[in-house]
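Take a look at the structure set out below.
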Protein chains: 2
Amino acid sequence: MPSTRPLRADAARNRALLLAAAADEFAERGLDASVADIARRAGVGKGTVFRHFATKDDLIAAIVLDRINALNAVGEQLLEAADPGTALLEFLTAAARQRQQRDLSFLQEAGELNAEVTQARTKMFRTIHTLLDRAREHGAVRADVTGTDIILLMCAPNYVTSYVSEASPDLWQRYLAIIFDGLRPEGAHPLPQPPPAVS
Amino acid sequence: MPSTRPLRADAARNRALLLAAAADEFAERGLDASVADIARRAGVGKGTVFRHFATKDDLIAAIVLDRINALNAVGEQLLEAADPGTALLEFLTAAARQRQQRDLSFLQEAGELNAEVTQARTKMFRTIHTLLDRAREHGAVRADVTGTDIILLMCAPNYVTSYVSEASPDLWQRYLAIIFDGLRPEGAHPLPQPPPAVS
DNA sequence: CAATAAACGGACCGCGCGGTCAACTTGCTA
DNA sequence: TAGCAAGTTGACCGCGCGGTCCGTTTATTG
């Protein structure tokens with residue numbers, strides 16, 4: 001598919017260095033991390049950043065794309081799992097762990113309008129829908145919950161714990177457990193609002 | 001307590017105009033809303049902003065303070081309620097509704113280091129702890145949940161729905177219901193992590 | 001090894017930001 | 001109503017940002 005010639009060796013190395021440095025810098029400094037600092041951290045000149053990524057947003061999109069693909073790979077592997085209920089829980093655990101290690105959630109909306117990113121995200125959403133459907137058919141999840149609900153709730157445990165800084169790095173597991181209890185069929189109360197329609 | 005003389009009439013009016021304009025502008029544009037735009041929206045000069053609030057962060061802190069106090073007033077009123085279980089649910093509903101009308105969550109950390117804000121927040125946290133304790137004693141909430149858990153989970157419904165833009169404005173109620181189901185004693189599974197210690 | 005295109009680096013640009021200031025206007029009070 | 005402190009204003013400042021450009025370096029290839 002890519003009709004472009006392969007990158008020169010040094011260019012490929014620098015591209016990888018840049019992606020890693022940018023992810024670190026964004027994780028530490030948030031969206032306001034400057035391109036100049038990222039370049040310094042990667043040990044390259046500022047011009048090199050813009051040679052690889054036409055704009056700062058393109059750089060962000062490249063990072064987001066990598067993470068979505070990594071998560072989707074986990075999800076697709078879990079489609080083969082024996083127990084659909086624990087498969088869903090394990091996927092949510094993997095998602096939360098990825099964000100725990102490096103919280104780049106604020107990059108999501110910045111990479112929103114990139115075509116490749118939306119495509120990868122749609123693919124991951126399909127995986128999630130399938131994981132959820134199987135868990136529901138298996139009776140591990142209440143009947144009135146949809147795949148879109150899961151997508152929306154997926155990052156809540158990290159969000160919740162992001163406000164308590166000196167906490168155990170595994171605190172998110174507590175809130176994933178609470179939320180997952182809310183997703184179980186036992187003791188479920190009727191939901192006051194219909195699920196959102198999106199993808 | 002305040003030994004300062006009262007504001008001149010026009011100054012008081014402008015201060016109120018500024019707070020309202022700033023809240024609107026922040027809600028629309030996020031943290032990056034510029035002081036110049038806020039001044040324009042309030043119909044005053046840029047210099048006036050800095051006369052009332054020494055720095056942009058001070059302006060943010062003033063907005064945050066207002067919102068915390070408003071929420072705490074609701075909480076204190078609910079301490080008198082007959083049913084502690086629904087009182088807790090109603091408090092969480094009020095908190096979510098405030099954020100639904102104008103999501104200024106991103107201002108929280110900006111106003112973090114302001115003394116007045118932390119004081120008001122501590123006061124509200126105490127209210128929440130009391131609401132939770134009564135609900136737990138009443139058997140409306142699982143025994144292994146603490147007030148700090150509630151504080152952390154409080155804003156999750158809005159966070160969750162903030163990613164779906166064309167959704168019903170009441171969608172947060174769906175996720176508040178799911179999370180609240182996870183807080184109930186029926187069907188609760190043991191939690192994998194201890195609660196955080198903070199206030 | 002020579003030729004060449006690809007990649008690099010960092011000085012440079014324009015912009016918009018938060019914040020300042022001194023000249024001006026206005027509400028308060030005696 | 002006169003006097004003045006309190007309040008207002010917008011031009012202005014320095015800074016750091018994203019992005020550009022071109023002279024230089026370097027990997028590749030026949």
Side-chain angles (χ1 to χ4, degrees), chain A residues 2-26 28-64 106-107 109-114, chain B residues 2-26 28-64 106-107 109-114:
Chain A
S3 59
T4 76
R5 317 219 267 84
L7 283 178
R8 231 169 68 174
D10 55 346
R13 195 200 58 221
N14 281 344
R15 194 190 137 95
L17 282 175
L18 272 171
L19 281 172
D24 286 346
E25 199 72 18
F26 280 128
E28 285 179 15
R29 304 263 232 251
L31 235 189
D32 297 336
S34 77
V35 175
D37 283 346
I38 291 170
R40 196 171 310 126
R41 187 165 193 145
V44 304
K46 201 170 100 170
T48 303
V49 180
F50 289 102
R51 158 156 282 261
H52 286 280
F53 310 97
T55 164
K56 187 183 182 181
D57 278 348
D58 283 355
L59 170 57
I60 292 172
I63 296 175
V64 172
F106 49 85
L107 297 183
E109 53 182 319
E112 199 102 344
L113 36 89
N114 181 288
Chain B
S3 57
T4 77
R5 313 220 268 84
L7 284 178
R8 233 170 65 176
D10 55 345
R13 195 201 59 221
N14 280 345
R15 195 191 136 94
L17 282 174
L18 272 172
L19 280 173
D24 286 345
E25 199 72 18
F26 280 128
E28 286 179 13
R29 304 260 233 249
L31 235 190
D32 296 337
S34 78
V35 175
D37 284 346
I38 291 171
R40 196 171 310 127
R41 186 164 193 147
V44 305
K46 200 170 100 171
T48 303
V49 180
F50 288 102
R51 158 156 279 264
H52 286 280
F53 309 97
T55 164
K56 187 183 182 182
D57 279 347
D58 284 354
L59 170 57
I60 292 173
I63 295 174
V64 172
F106 50 85
L107 297 183
E109 53 181 319
E112 200 101 343
L113 36 90
N114 180 289

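So you know, we letter chains A, B, ... as the sequences are listed, proteins then strands, and number each from 1.
- Counting to the nearest Å, the C1' atom of dA6(D) and the CZ atom of F50(B) are 20 Å from each other.
- Other residues, nucleotides and ligands place no more than 12 heavy atoms under 6.0 Å from the CD atom of E109(B).
- At a threshold of 4.0 angstrom between heavy atoms, the contacts of K56(B) are confined to the sugar-phosphate backbone, with no base atom among them.
- A sub-4.0 Å separation between OP1 or OP2 of dA7(C) and a side-chain N or O of T48(A) is absent.
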Next item on the list: Just do the salt bridge (charged side-chain N to carboxylate O under 4.0 Å, His left out) check on D10(A) and R13(A) with the steps written out, would you?
Entry: CA-CA 5 Å; D10(A) 55 346; R13(A) 195 200 58 221; over 6 Å; no

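- Taken from CG in D24(B) to CD1 in I63(B), the straight-line distance is 9.5 Å, to the nearest 0.5 Å.
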Show the atom names and distances, to 0.1 Å, of all donor-acceptor pairs under 3.5 Å that link a side chain in residues 45-61 of chain A to residues at least two apart or in another chain.
unit_1	atom_1	unit_2	atom_2	d
T55(A)	OG1	D57(A)	N	3.4
K56(A)	NZ	L31(A)	O	3.1
K56(A)	NZ	A33(A)	O	3.0

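- Across every non-hydrogen atom of L18(B) and A39(B), the tightest pair is CD2-CA, 4.5 Å.
- Distances were taken from every side-chain heavy atom of K46(B) (C-beta onward) to each of dG7(D), dA11(D), dA11(C); the shortest belongs to dA11(D).
- Residues A62(A) and L19(A) come closest through the heavy atom pair CB-CD2, 3.9 Å.
- Following rounding to the nearest Å, E25(A) (CD) and dC17(D) (C1') show an atom-to-atom distance of 14 Å.
- At a threshold of 4.0 angstrom between heavy atoms, the contacts of N14(A) are confined to the sugar-phosphate backbone, with no base atom among them.
- Taking for each of L7(A) and V49(B) the nucleotide of DNA chain D with the nearest heavy atom, the 5'-most of the two is the partner of V49(B).
- We find that CG of L18(B) is positioned 13 Å from P of dG7(D), with the value rounded to whole Å.
- Heavy atoms only, all atoms of each residue included: F106(B) and F26(B) are closest at CZ-O, 3.2 Å.
- T55(A) has no side-chain polar atom (N or O) that falls below the 4.0 Å cut-off from OP1 or OP2 of dG18(D).
- When the C1' atom of dC17(C) is taken as reference, atom CD1 of I38(B) falls 12 Å away, rounded to whole Å.
- A straight line from CG of D58(A) to C1' of dG18(D) spans 13 Å, rounded to a whole angstrom.
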Next item on the list: Report, as a single string ordered 5' to 3', how protein heavy atoms within less than 4.0 Å touch nucleotides 21-26 of chain C: B base, S sugar-phosphate only, - not at all.
Entry: -----B

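- Rounded to whole Å, the distance from CZ on R40(A) to P on dC8(C) is 18 Å.
- Within the 4.0 angstrom heavy-atom criterion, only backbone atoms of the sugar-phosphate kind lie near S34(A); the bases stay farther away.
- D37(A) has its CG atom 15 Å from the P atom of dG19(D), to the nearest Å.
- Residue D57(B) is the one, among A9(B) and D57(B), whose nearest nucleotide of DNA chain C lies closer to the 5' end (criterion: closest heavy atom).
- Between H52(B) and dT8(D), a side-chain N or O to OP1/OP2 separation shorter than 4.0 Å is present.
- Within 4.0 Å of A33(B), counting heavy atoms only, lie sugar-phosphate atoms of the nucleic acid but no base atom.
- Here dC17(C) presents its P atom at 9 Å from CZ of R29(B), a figure rounded to the nearest Å.
- The CZ atom of R41(A) sits 4.0 Å away from the CD atom of E28(A) when rounded to the nearest 0.5 Å.
- Phosphate contact (OP1/OP2 of dA7(C), side-chain N/O of R51(A), threshold under 4.0 Å): present.
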